[in-house]
Amino acid sequence: MYSSAYVWAKVLSHMEERLGAVTVSAWFDDAEVVELNEEHLILYSASDFRREIIRRRCTEYIRDALKEVFNSDAKLIVFGDEELEAFRSKDKKDNAMDFNPQFSFESFVVGPSNRFAHGAAIAVANHPGDVYNPLFIYGPPGVGKTHLLYAIANGIRKMNPEAKIVYIKGDQFTNELIAALQSGKNIEFRSKYREADLFLIDDVQFIAGKESTQEEFFHTFNTLYENHKQIVMTADRKPSDMLTLEDRLRTRFEWGLLADIQPPDYETRMAILKNKATQLGLNLSDDVCNYIANNITNNVRQIEGTVKKILAYRDLNDMPLDLPNISRAINDMFKAEGNALPTPSLIISQVCKFYSVDEVTLRGSLKNKGTAEARQVAMYLVRKLTNLSLPDIGREFARDHSTVHHAINKVEMGLKGGDTTMQNNIRDITANINSCL
């Protein structure tokens, strides 16, 4: 999900194409996004005149921009000082609980593969800023890292309802920074993160290799750490394996405690499976549970998805949940080890995240240095990691096979020529792709 700052920057850009940059600047110079969700976009402007202009003349432009750029039907609301004060002073608990209460320490199934990380997370929740700061939790996708982040947030919120908790994903941190720079909201951006009591960042590996993002994150980290504010990060690998991460950040990530989570063992998988089935009101026999636990070995998220599919199968087909029926229903969720190939879409999306380029631009005709390199790397990785031919790859990027061939050769020449930046970028992007399989 995109941040509100990123969405607003895109909306302003879209309106500039319709109304002109001067007009947009004149009417929206002091406008700030208060809240953005699927139902509404709330803007604040201190000027009575500008608020009236926005309401009367710009509502349709903004709604059209949201619809065209993000396929959103959000309603526009414009606040003045009184409305903003009333909005911010309403029940703080409702606004603060941004974390699913189901993700608690009590609902986290503990086993040998995650006991250390679970214990560290509880210690952080009980004594934020005093022990294990920062806490760095790493492991493959779907093993419970985000669950522990949310559990820490919910635990601290219970003890201190007034605590300012900020959660962000690594790629969204980059997107918000870009939007803040574009809109001149640098101060607001920094205040949001540097004034937090608890700072949670998921998939921090995505900031590696991005110079401006790492610079901003470095200063944010230092401010929070020096003020004894708790920092918790998750990633799919430990800091020393993030090849394009700056050394000064790598050492800071290792200042506190590194806690890894590995795929669950058989007993933990069975416990997770039965726990989820009970939550959903399913009564699964031991042979069904054993079948699932023996076939899904790496991913807690996939175990939970399997139980949900069984629930849907029961409700839609009204058949007994015996082993033959279950095996037919969920057979497509079992994946032979090593047989999965990434899709071109997955590769392109991960390249775009790494280079902070949107997919439309990557597939388009823009030829600046950063975009061109991202496009060449995407073509190279699609060729390397899939079975697609050069013409097939060309169709993914709306180009002919000779252009694809040239791009692949350029990347290969850089790799063979000892371009360490290119080598590290390829390694990190490939690791990000593999972590999604």
- Query: Angle class for the Tyr225/Phe221 ring planes (parallel below 30°, perpendicular above 60°, tilted otherwise)?
  - Reply: parallel
Check for a donor-acceptor pair, side chain of [X] on one end and backbone N or O of [Y] on the other, with a separation under 3.5 Å.
X: Arg363; Y: Glu396; answer: yes
X: Lys274; Y: Asp286; answer: no
X: Thr234; Y: Asp203; answer: yes
X: Gln205; Y: Gly170; answer: no

- Message: In the structure I gave you, are the side-chain heavy atoms of Leu381 and Ile426 within less than 4.5 Å of one another anywhere?
- Response: yes
- Message: A side-chain contact here means heavy atoms from C-beta on lying under 4.5 Å apart; do Ser285 and Asp322 qualify?
- Response: no
- Message: Quick test of your reading: applying salt bridge (Lys or Arg N to Asp or Glu O under 4.0 Å), list the pairs with at least one residue in residues 385-395, sequence neighbours left out, ordered by first then second residue.
- Response: Asp392-Arg395
- Note on the structure: For residues 403-426, the salt bridge (Lys or Arg N to Asp or Glu O under 4.0 Å) pairs (sequence neighbours left out) are none
Whether over 12 other heavy atoms sit under 6.0 Å from [X] [atom1]:
X: Gln102; atom1: CD; result: no
X: His40; atom1: NE2; result: yes
X: His219; atom1: NE2; result: yes

- Message: Tell me whether Glu215 is salt-bridged to Arg248, with the criterion being a basic N under 4.0 Å from an acidic carboxylate O.
- Response: yes
- Query: What pairs with Phe108 under ring-ring contact (aromatic ring centres under 6.0 Å, His included), at least two apart in sequence or on another chain?
  - Reply: His118, His147
- When rounded to the nearest 0.5 angstrom, what distance separates CE in Met422 from OG1 in Thr244? 12.5 Å
